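Order of appearance sets the numbers: ligands from 1, and atoms from 1 within every ligand. Since the structure is predicted, the reported quantities are computational estimates derived from the model, not experimental observations. Just the heavy atoms: all of them, side chains too, but no hydrogens, waters or symmetry mates, feed the values below.
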Amino acid sequence: MCNDDKNIIDALNWRYATKKFDAAKKVLPGLLDIILEAIRLAPTSFGLQSFHVTVVTEPANNKALIKAAMNQDNVVSAPILLVFSVDTRLKAHIEKYIQNMTDNHVPEKFIKKMKRIMPLFIFLKTLFVFKNQWLARQVYISLGVALVAAAELEMDSCPIEAFSPRKVARALDLPSYHKPSVILALGYRAGSETPRTKYRLSSQELFARV
Ligand SMILES: Cc1cc2nc3c(=O)[nH]c(=O)nc-3n(C[C@H](O)[C@H](O)[C@H](O)COP(=O)(O)O)c2cc1C
């Protein structure tokens with residue numbers, strides 16, 4: 001979808017949640033790097049980026065991982081899985097963020113203000129939703145950006161939520177502060193696949209102009 005005469009809507013119409021990938025068709029490292037860069041550039045609340053992505057190549061070789069993801073065809077056949085985990089070390093992330101601002105010569109007055117506001121804002125935000133759920137919201141923004149980036153590159157993908165986070169963490173030997181929240185399977189659709197028909201709400205149902 002990189003042609004000049006194609007636009008983002010064409011790319012979004014082209015993509016679909018791929019159920020089976022062509023396991024033999026590998027993702028070029030340069031294209032994977034573009035998707036990872038898109039993830040890195042995605043916005044998060046405050047720009048805190050309290051998450052981590054594990055890049056799994058040839059997931060089919062990790063039997064425990066496949067089992068943890070219910071042996072889904074797309075997980076077995078994808079040449080690459082991106083496992084998005086929330087990083088629960090919020091305090092450390094805030095400290096790093098403040099340090100980054102100091103290193104980048106952000107005015108002292110602003111840093112002082114952020115030091116005061118950030119913990120308070122996050123405390124209030126996590127008063128009614130669990131901390132990990134609030135962190136997961138940030139992860140899903142990156143997931144969305146990665147989905148669009150993949151479509152733009154004519155790479156197939158499928159977001160995966162049907163898995164046991166505990167078992168996936170164990171299969172990948174993740175540290176306890178990385179909690180898997182969503183997986184993105186990447187690759188190219190199998191020749192046997194028929195792209196799924198899109199079902200979407202109509203514009204009238206979805207939008208109100210006031
Ligand atoms: C957060 C999320 C989790 C999903 N989990 C799975 C999954 O575990 N397995 C799967 O085959 N598809 C999964 N899907 C794909 C959706 O079913 C699919 O995106 C939706 O039906 C819309 O179809 P389309 O993406 O083909 O347009 C998931 C999608 C999202 C956004």
Side-chain angles (χ1 to χ4, degrees), residues 1 6-23 25 27 35-36 38-39 42-45 49-56 58-60 62-87 129-130 132-172 174 178-207:
M1 291 297 138
K6 302 266 173 137
N7 63 35
I8 191 166
I9 300 303
D10 296 314
L12 291 174
N13 272 313
W14 174 85
R15 67 147 297 280
Y16 69 101
T18 306
K19 296 299 166 193
K20 197 171 166 76
F21 293 90
D22 178 347
K25 199 165 171 193
V27 172
I35 292 180
L36 297 181
I39 291 169
T44 52
S45 184
Q49 291 183 294
S50 200
F51 71 97
H52 191 262
V53 178
T54 309
V55 181
V56 185
E58 309 293 339
N62 188 331
K63 299 288 172 239
L65 177 62
I66 297 296
K67 201 166 162 214
M70 329 285 173
N71 296 301
Q72 292 179 78
D73 269 353
N74 36 24
V75 176
V76 179
S77 57
I80 289 193
L81 295 182
L82 301 184
V83 179
F84 290 76
S85 302
V86 300
D87 187 324
V129 293
F130 290 116
N132 289 359
Q133 281 179 15
W134 180 73
L135 288 172
R137 287 180 188 173
Q138 320 304 323
V139 169
Y140 278 76
I141 297 170
S142 299
L143 170 74
V145 170
L147 281 163
V148 176
E152 285 280 346
L153 295 170
E154 295 188 1
M155 191 187 299
D156 286 298
S157 64
C158 187
I160 308 278
E161 252 184 345
F163 63 86
S164 155
R166 197 172 46 83
K167 290 181 184 168
V168 166
R170 205 182 309 143
L172 294 174
L174 298 181
H178 285 165
K179 308 275 185 210
S181 49
V182 69
I183 296 175
L184 180 61
L186 291 171
Y188 297 94
R189 60 191 74 175
S192 55
E193 274 256 293
T194 314
R196 283 153 39 99
T197 311
K198 277 214 182 316
Y199 166 76
R200 293 292 191 267
L201 296 175
S202 68
S203 303
Q204 288 84 346
E205 287 169 302
L206 198 55
F207 308 120

Numbering as shown, the atoms of ligand 1 that approach [X] to under 4.0 Å (heavy-atom distance):
X: Cys158; result: 10 (C), 11 (O), 12 (N)
X: Ala162; result: 8 (O)
X: Ile160; result: 5 (N), 6 (C), 7 (C), 8 (O), 9 (N)
X: Tyr16; result: 26 (O)
X: Asn74; result: 10 (C), 11 (O)
X: Lys19; result: 10 (C), 11 (O), 12 (N)

Say you draw a straight line from [atom1] of [X] to [atom2] of [Y]; how long is it, rounded to the nearest 0.5 Å?
X: Leu65; Y: Arg170; atom1: CG; atom2: CZ; result: 12.5 Å
X: Ile39; Y: Ile141; atom1: CD1; atom2: CD1; result: 13.0 Å
X: Ser202; Y: Phe207; atom1: OG; atom2: CZ; result: 9.0 Å

Which heavy atom of the protein is the closest neighbour of [atom], given with residue, atom name and distance?
atom: atom 7 (C) of ligand 1; answer: Gln72 OE1, 3.6 Å
atom: atom 31 (C) of ligand 1; answer: Pro159 CG, 3.8 Å
atom: atom 15 (C) of ligand 1; answer: Ala17 CB, 3.6 Å
atom: atom 22 (C) of ligand 1; answer: Arg200 NH1, 3.6 Å

Would you mind finding which of Lys198, Lys20, Arg196, Met70 brings a heavy atom closest to atom 23 (O) of ligand 1?
Arg196
Leu143 to ligand 1: N or O pair under 3.5 Å?
no
Heavy-atom check, side chain of [X] versus side chain of [Y], under 4.5 Å:
X: Trp134; Y: Ser45; result: yes
X: Thr44; Y: Ser50; result: no
X: Ser77; Y: Lys20; result: yes
X: Val129; Y: Arg137; result: yes
X: Asp87; Y: Leu135; result: no
X: Phe21; Y: Val76; result: no

When you look for heavy atoms under 4.0 Å from ligand 1, do you find them on the side chain of Glu161, its backbone, both, or neither?
both
Check Tyr140 against ligand 1 and report side chain, backbone, both or neither, counting heavy atoms closer than 4.0 Å.
side chain
Going by heavy atoms, is Arg15 under 4.0 Å from ligand 1?
yes
Salt bridge check, Asp156 against Arg189: does any charged N sit closer than 4.0 Å to a carboxylate O?
yes
